[in-house]
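Worksheet: one structure, shown below.
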Amino acid sequence: MKLTKAYGLAPLKLAETIAEFIKAPMFSKIEVKAPGFINFYLSNDTVYQNAYNVLKLNENFGRVNIGNGVKVNVEFGSVNPTGPISVSHGRQVVLGDIFSSMLEFTNHSVAREYYCNDAGNQIRNLGKSVLVRYRQALGAKVEFPEDGYHGDYVMEIARELIAIHGEKYQAEGPADEDVITLFGDYSQTKMIKEIVGVCEKMGVKYDTIYSERSLYSDGIVAQTLEFLKANALTYEKDGATWFLSTKFNDEKDRVLVKSDGKSTYALSDIAYHKTKYSRGFRQLITFLGADHHGYIKRLHAAVSALGVPPETLTILIHQFVTMLKDGQVVRMSKRAANYVELNELIDDVGVDAVRYFFIMRKMDAHLDFDINLAKSQSTDNPVFYLQYCHARCHGVLNEARTKGFDVAIDKIAALPHDIVKKLDSPEEVAILKRAADFPKIMEECVKNYAPHLLCHYAEDFVKLFQSFYTKGKIDKNFRIVTDDKDLSSARLFLIYVVLITTRNILKVMKLSTPERM
RNA sequence: GUGCCUGUAGCUCAAUGGAUAGAGCGUCGGACUACGGAUCCGCAGGUUGGUGGUUCAACUCCACUCAGGCACACCA
């Protein structure tokens with residue numbers, strides 16, 4: 001239709017003309033429909049060839065080469081180590097992990113990274129909070145700082161410190177700053193361990209935990225500042241050193257070194273990104289919560305200042321999670337300490353459900369997480385539906401085996417074309433066709449940064465099979481294993497296509513693949 | 001005040017600028033009486049928040065507007 005002007009022909013007429021010229025054996029039918037569409041119908045032979053390919057590729061079915069092995073750094077879940085990890089961060093961790101998994105599946109060399117903000121005021125604040133709780137626990141009348149961390153975990157840490165140090169730091173003293181540092185470091189180490197532990201419990205394993213503090217001790221911050229100065233990207237104003245980030249489209253310039261001589265987060269952040277490139281990564285992906293959307297321009301300015309094409313950095317913003325329990329919104333706030341902890345949620349609904357629910361919606365949209373619904377092991381649980389399909393395929397193969405069929409995959413994969421083409425009902429052809437879409441879906445997920453598309457595809461695909469399968473319960477002619485040996489073999493071929501596709505989907509999402517449920 | 005995200009069926013959400021806007025849940029009707037278990041089929045349900053604009057074609061792009069969410073530090 002876009003060509004109609006160029007050729008001066010009516011759309012329908014033009015489509016007919018084009019259709020005339022296209023003749024290929026892979027299409028069984030080519031038709032022209034108003035107002036000017038050309039429909040190509042894949043011939044069944046093409047469908048069967050694709051299906052043979054599924055069995056041949058097996059666990060590699062669905063892989064597409066998008067990345068050419070490029071080194072990608074995926075940073076996600078970089079929670080400040082000042083408290084337990086919350087469910088909104090959980091969403092980010094799962095998004096980052098599964099997207100990384102998708103990148104690996106599409107031939108990228110991925111490093112999962114956690115950036116640990118262990119260098120700023122918040123650690124001092126944490127240390128101070130713990131110190132006050134420590135003293136309170138020992139009976140002192142000390143006012144808790146309003147901007148301190150109010151969660152119960154602070155008291156837990158304080159008790160641990162009492163167990164370790166006794167009453168050594170009970171009295172206020174001139175060395176309090178040192179104590180705050182000591183307590184802060186202890187607390188921070190403990191929190192990071194706990195956060196990473198919860199992530200591992202969810203099946204997420206980081207390749208690197210990068211410490212902000214190390215940027216200072218390794219001299220990278222200082223080097224970065226020198227680099228920026230040498231390139232005339234800084235200036236002095238009001239006793240502070242500023243980064244000329246407006247030159248790279250940022251909304252305002254940023255302070256790098258405060259008038260008191262201390263560096264800001266903005267500076268260490270530039271230094272951090274510098275290391276990502278110097279560590280050999282050629283593509284950076286950073287997941288941030290919606291509250292950080294203001295960073296996008298700043299970070300792009302940062303990498304531009306480093307002389308790197310800004311498009312090598314992709315920042316993905318995800319919206320928050322609203323937890324619903326018994327129809328009530330559960331508020332989440334670290335400060336107020338009445339938020340839902342990710343750890344509790346995992347215990348509550350299970351790893352697979354948590355992982356799936358967190359990626360099933362596009363990240364731009366808010367996610368309502370109904371705890372009651374996720375907990376219910378009913379059939380409206382899509383995870384259950386997918387895993388059941390996988391288990392069912394195994395069940396059918398076992399059934400066939402007991403009836404004397406050789407169900408080894410290489411045996412089934414070697415079935416002659418004449419047998420496979422017995423899969424000619426519209427339902428069977430539809431399943432085979434939809435399975436063949438899997439690689440294309442993977443590509444869309446990665447290129448559009450949209451992992452949720454895989455969920456929609458998976459549910460759609462599995463439904464086709466479940467529907468066909470149920471047909472066999474009503475009409476014996478649609479059963480998988482029947483008296484007709486050739487037809488049964490053909491249908492076992494179909495089972496393998498479904499099994500492989502479903503299993504590979506589950507594996508990309510790093511969900512368990514039960515053979516029986 | 002400025003900026004970012006969202007608004008689609010009763011609910012939760014899909015839809016590279018393309019054909020009659022699709023699923024799940026829920027409602028209603030039907031099938032199955034089961035370890036090849038824990039389901040399947042169908043009906044109903046829509047002015048895609050609103051108003052303009054661009055286009056052969058708009059849920060999709062642009063402008064304005066309404067509603068909700070989130071940010072706008074010499075904090076991190």
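Just the heavy atoms: all of them, side chains too, but no hydrogens, waters or symmetry mates, feed the values below. So you know, we letter chains A, B, ... as the sequences are listed, proteins then strands, and number each from 1.
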In whole Å, what separates the P atom of U6(B) from that of G17(B)?
14 Å
With sequence neighbours excluded, what pairs up with E251(A) under the salt bridge (Lys or Arg N to Asp or Glu O under 4.0 Å) test?
K297(A)
Short side-chain N/O contact from Y385(A) to OP1 or OP2 of C40(B), under 4.0 Å
yes
Which residues satisfy the side chain to side chain donor-acceptor pair (under 3.5 Å) test with D238(A), sequence neighbours excluded?
none
May I have the list of side-chain donor-acceptor pairs in residues 284-294 of chain A shorter than 3.5 Å, sequence neighbours left out?
unit_1	atom_1	unit_2	atom_2	d
H293(A)	ND1	A290(A)	O	2.7

Within the structure shown, what part of the strands sits under 4.0 Å from V257(A) by heavy-atom distance: base, sugar-phosphate, or nothing?
nothing
Can you list, by residue number, the residues of residues 454-470 of chain A that have a non-hydrogen atom closer than 4.0 angstrom to RNA chain B?
H456(A), K463(A), Q466(A), S467(A), Y469(A), T470(A)
NE2 of H293(A) versus P of G69(B): gap in Å, rounded?
15 Å
Partners of K258(A) by salt bridge (Lys or Arg N to Asp or Glu O under 4.0 Å), sequence neighbours excluded?
none
Take the protein atom OH of Y388(A) and the nucleotide atom C1' of G24(B), then report the distance between them rounded to whole Å.
19 Å
Applying a 4.0 Å non-hydrogen cut-off, can you work out what K262(A) is touching in the nucleic acid: base, sugar-phosphate, or nothing?
nothing
Please report the distance, rounded to the nearest Å, between CD in Q319(A) and C1' in G68(B).
11 Å
Assign each of D238(A) and E251(A) the nucleotide of RNA chain B bearing its closest heavy atom; nearer the 5' end lies the nucleotide of E251(A)
Please report the distance, rounded to the nearest Å, between NE2 in H366(A) and P in C5(B).
12 Å
Could you spell out the base pairing of RNA chain B as a dot-bracket line? Use Watson-Crick and G-U wobble contacts where both distances are under 3.5 Å, [ ] for crossing pairs, | for partners on a different strand.
(((((((..((((....[...))))..((((.......))))......(((((..]....))))))))))))....
Can you see if the side chain of H318(A) gets near the phosphate of C70(B) - specifically, an N or O under 4.0 Å from OP1 or OP2?
no
What pairs with N121(A) under side chain to side chain contact (heavy atoms under 4.5 Å, CB included), at least two apart in sequence or on another chain?
none
Is the shortest side-chain N/O distance from K362(A) to OP1 or OP2 of U6(B) below 4.0 Å?
no
With R355(A) via salt bridge (Lys or Arg N to Asp or Glu O under 4.0 Å) - residues at least two apart:
D97(A)
Hey, what's the ring geometry for Y457(A) with F438(A), parallel, tilted or perpendicular (30° and 60° as the breaks)?
parallel
Under 4.0 Å, counting only non-hydrogen atoms across every strand here, what does A240(A) touch: a base, just sugar-phosphate, or nothing?
base
Once salt bridge (Lys or Arg N to Asp or Glu O under 4.0 Å) is applied, do any residues pair with E444(A), and if so which ones, sequence neighbours excluded?
none
Between A19(B) and C62(B) - C1' atom distance, rounded Å:
25 Å
So, does R392(A) get its side chain near the phosphate of A38(B), meaning an N or O under 4.0 Å from OP1 or OP2?
yes
